[in-house]
> 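Take a look at the following structure, please.
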Amino acid sequence: METQICLDGVNKFYGTKQALKDIDLTIPQGMFGLLGRNGAGKTTLMKVMATLLPVNSGEIDICGVPVTNAAKVRRMIGYLPQDFSMYGNMTVYEAMDYLGVLSGLSKQERRKRIPTLLERVNLQNNHRTKVKAMSGGMRRRLGIAQAILHDPKVLIVDEPTAGLDPEERVRFRNLLCEMAEERIVILSTHIVGDIEATCENIAIMDYGEILFKGTVMELLALAEGSVYTAEISKMELEQIKQEYLVTGQLVQGSHVMVRFLLREPMQELFDGATPCEVNVEDAYMYLMYRERGDASCF
Amino acid sequence: MLLTLMKKECGQYLKSVAYYIFCICLALDFFTQMGEFDVPTKPEEGWESYGYVRTADKDLIMQETLNKLWREYSTGSYTTYPIGFYKRVQLDDAEEEKIDQIIANCTGMTEEEFSAFEEEEKNIREAAMEKMLEEQSMILENALPDLNIPIKEGLTFDDFCQEMKKADNLLGGGSSYSEANLQFTTRPQTYEEALEEYNSFIKKDKITNAYARLFCDYIGIMLAMLPVFLAVGRVLRDRRAQVEQVIHMKSASSFSIILSRYLAAVLMSLIPVLVLSCCPLLQCIYYADRIGEAYDLFAFVRHIGFWLLPYILITLSVGFFVTEITDSVAAVLIQGIWWFVSVFMSIGNLVGLCGWNLVPRFNSVGDYPIYEQMKEQLFKNRLMYTAVSIVLLLLTVLVYSKKRKGEFASVRARFVNRKNKLEV
């Protein structure tokens, strides 16, 4: 059976509002990042792939099975929603056991898999902790454990690192990368750092459309030669902001170290501006400006 | 999977405060309503009274009803129960004139005869009151002798009912002259009848069946309402705990999920009922042993099965279905209204009322002949509610299945968009 997800001309409307516009996408095995600002349509796209929302037109195949065959698709998919939670009065083990039953696992399978998975997400010492007593990070880890409980071919995680502290975020990203060795992992986020650290293939969404799809290297190549840094005086900052797309600024006494993008490829530069290596955030900002002409976020 | 899920659901109920409140309410209802274990005693010849017995004798119904109308008309005050609550009604002159006409139509008396009768009744009552004063006994309205008002010769029961309907309409409904109250009346019981009733209690009801019916009457009132809270709580719990999407994504079928929740709620509702029924059952067994008579060990279980279980089924079905559709506590309101109407509609007839009412009443220990009369309809009634609950349960599965695929979310979004447009 093929291990990829194919979306062909997918459209989704909420009443008259179009949430997804002609989405064509192929997602191969490994980590796949879905990047976009809040309200770009990432969660809707995740939900239609997870059979939680119907599409108005278009086709989605999950490893060769049409998404309309919900029962079969659900057996292949693990899903971690943005706001994952469980019944507060259940312990970690009870929650896993309950969701294991709902996933169709036998008692023996549950007994074997739950302790292994809890260990994998570092919750082995918390199996008697009640869900209501867990921190946000612990809940996300429980969420990921329940999502792979039935060993799915596809794991869909929606904004998994939002609200986590830096250590938890790094741990969580590493965990996802481990999972991606044997399955498709789709990571939706608006945090560029998560994509940069984990994904090889990505898609960028805005207003329900795919603005970019390809590898991270291809995205970086878009902004190649357009990213510069310079040390300027504080007085010059406003003028630089008007002329260029400033993506970072670090105040050092009376001077400011700025990182900026050119608005046009052949835009004139000032003295002291030096080209620098493009990162995913630069490339994302560059793309958003190029496609939307919107500099309001800079 | 179904059984495992059901067990887990039952476990969740055992951790829920709402469930313990449900059990406490049932227990309170039982201990306050069932009260003491009063066993009917064997009647003996020569007793002053053997109680009263219900009768459908039309002549007696006409006489008793007309006497009552006459009494209320004389005092100018009428008692009604429009939606189950007591109401005192006073009519204006024009309306009193119409009541006067109704009495005249039923009695056939002229104005002079009417006045003479009024005078005669007044004298008799005054004489009785004087006697009571002389004996220094309390003056009780019910103890005063009734003077039977004459009934017009040739007046049929149907014509009488028509006249009473007019009176009931004038009083705003719920009076003693409504159609429901013209079905039967009571009369003093003879020794033979009292003995037969006692024998039925011992031999046919085997004591236990009579108490099982009373138990079903009291507990049924509670079960027609309380389980809805368990159902609503269970459905809304998913939303409160934000687990809807996680559960919707799992491979278990909608049928298994809903059925396991439903059956768990049914079982957990039945357990306290079964436990409470042990109390009167043990009392019955003890009493039967003491007098050396047989008892029916399974009477309570059987009555709970065919009489009380349909209450639980229908109330839970309404709760699950309405809550799945509305994602709100609307089911409590709907069931509450249904419960209120059913309970208070039966207030005029607490023994043997059935029909298609949600809450059949049998507020009596014994009265085996009345039970025999209502039994067939009671079975039909319970069967009908069981069938309706199965249909509602299947509809709940359908709604849940659509919700899992997000089909309801699209409808809701369309509604919200339209509402927003209207507001703009």
Side-chain angles (χ1 to χ4, degrees), chain A residues 12-17 19 43-44 46-48 50-56 67-68 70-91 94-95 97-107 110 130-132 139 142-143 146-147 149-150 152 156 158, chain B residues 1-19 233-234 236-258 260-261 264 401-422 424:
Chain A
K12 170 72 191 166
F13 291 85
Y14 289 119
T16 50
K17 190 190 166 198
T43 298
T44 303
M46 297 285 215
K47 283 186 177 177
V48 295
T51 74
L52 289 170
L53 280 178
V55 293
N56 292 92
V67 82
T68 44
K72 205 167 176 187
V73 169
R74 282 174 190 154
R75 279 197 285 274
M76 294 193 294
I77 287 185
Y79 179 59
L80 173 61
Q82 198 171 343
D83 43 10
F84 169 79
S85 191
M86 264 308 281
Y87 303 121
N89 63 355
M90 277 187 176
T91 64
E94 283 170 346
D97 199 45
Y98 179 70
L99 294 171
V101 177
L102 287 175
S103 297
L105 299 182
S106 67
K107 197 172 183 178
R110 296 199 309 273
K130 291 224 163 143
V131 172
K132 64 183 170 195
R139 279 192 199 192
L142 173 64
Q146 66 79 27
L149 187 55
H150 57 297
I156 299 175
D158 195 1
Chain B
M1 181 198 280
L2 188 69
L3 272 180
T4 317
L5 271 178
M6 198 181 134
K7 264 193 258 173
K8 291 196 178 296
E9 292 291 338
C10 290
Q12 286 299 301
Y13 277 115
L14 289 175
K15 288 182 182 177
S16 137
V17 177
Y19 178 65
R234 180 61 194 94
L236 293 184
R237 195 165 160 241
D238 278 8
R239 172 160 282 216
R240 271 203 314 270
Q242 296 180 304
V243 299
E244 278 179 313
Q245 288 182 19
V246 176
I247 292 176
H248 288 179
M249 258 306 296
K250 298 297 172 192
S251 57
S253 68
S254 302
F255 186 76
S256 302
I257 295 174
I258 295 296
S260 63
R261 291 176 179 186
S401 168
K402 290 201 175 291
K403 276 174 91 175
R404 285 179 84 182
K405 291 178 188 166
E407 288 175 25
F408 270 53
S410 303
V411 174
R412 206 170 290 155
R414 207 169 296 153
F415 174 73
V416 170
N417 277 354
R418 197 169 299 160
K419 197 176 157 197
N420 289 345
K421 265 188 194 169
L422 286 172
V424 168

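Everything numeric here is computed off the predicted structure, so don't read it as measured data. Just so it is clear: chains get the letters A, B, ... in the order the sequence lines come, proteins before strands, and each one is counted from 1.
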> What residue in A:Ala71, A:Gly88, A:Pro81 has the most heavy-atom pairs under 4.5 Å with chain B?
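Heavy-atom pairs under 4.5 Å are most numerous for A:Pro81.
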> Using modelled atom types only, decide if a donor and an acceptor are shared between the side chain of B:Ser251 and the backbone of A:Ser103 within a distance under 3.5 Å.
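Such a contact is found between B:Ser251 side chain and A:Ser103 backbone.
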> What's the shortest heavy-atom distance between A:Asn89 and B:Lys15, and which atoms?
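Distance-wise, the nearest heavy atoms are O-NZ, 3.4 Å.
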> Can you tell me how far the CD atom of B:Gln245 sits from the OH atom of A:Tyr79, to the nearest 0.5 Å?
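Rounded to the nearest 0.5 Å, the CD-OH separation comes out at 4.5 Å.
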> Measuring heavy-atom distances to chain B, does A:Gln146 have an atom under 4.5 Å in its side chain, in its backbone, in both, or in neither?
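A:Gln146 touches chain B through backbone and side-chain heavy atoms alike.
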> Let's test your reading of the structure: which of A:Gly143, A:Ala147, A:Ala70, A:Ser85 forms the most heavy-atom pairs below 4.5 Å with chain B?
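Sorted descending by pairs with chain B, the first entry is A:Ser85.
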> If I measure from the heavy atoms of chain A, does B:Arg237 come under 4.5 Å with its side chain, its backbone, both, or neither?
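Contact with chain A involves both backbone and side-chain atoms of B:Arg237.
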> Before giving the answer on side-chain contact (heavy atoms from CB on, under 4.5 Å), spell out for A:Leu80 and B:Val246 the whole-Å C-alpha distance, their side-chain angles and the decisive distance to 0.1 Å.
CA-CA 7 Å; A:Leu80 173 61; B:Val246 176; over 6 Å; no
> Taking all non-hydrogen atoms of both residues into account, name the closest pair between B:Val243 and A:Met86 and its distance.
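Minimum heavy-atom contact is CG1-CA, 3.2 Å.
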> Do A:Arg110 and B:Thr4 touch side chain to side chain, with heavy atoms closer than 4.5 Å?
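In contact.
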> Which one wins on heavy-atom pair count under 4.5 Å against chain B: A:Arg75, A:Lys132, A:His150, A:Met90?
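So the answer, after comparing A:Arg75, A:Lys132, A:His150, A:Met90, is A:Met90.
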> Could you walk me through whether B:Glu9 and A:Tyr98 pass the side chain to side chain donor-acceptor pair (under 3.5 Å) test, one step at a time?
CA-CA 9 Å; B:Glu9 292 291 338; A:Tyr98 179 70; 3.0 Å; yes
> With side chains defined as the heavy atoms from C-beta onward, is the minimum distance between B:Met1 and A:Val101 less than 4.5 Å?
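In contact.
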> Quick check: closest heavy atoms across B:Met249 and A:Thr51, and the distance to 0.1 Å?
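Taking B:Met249 first and A:Thr51 second, the nearest heavy atoms are SD-OG1, 4.1 Å.
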> If we only count heavy atoms from C-beta on, is the A:Arg74 to B:Arg404 side-chain gap below 4.5 Å?
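Answer yes - side chains close enough.
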> Which region of B:Lys8, side chain (C-beta onward) or backbone (N, CA, C, O), has a non-hydrogen atom less than 4.5 Å from a non-hydrogen atom of chain A, or is it both or neither?
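Answer is side chain: those atoms of B:Lys8 sit under 4.5 Å from chain A.
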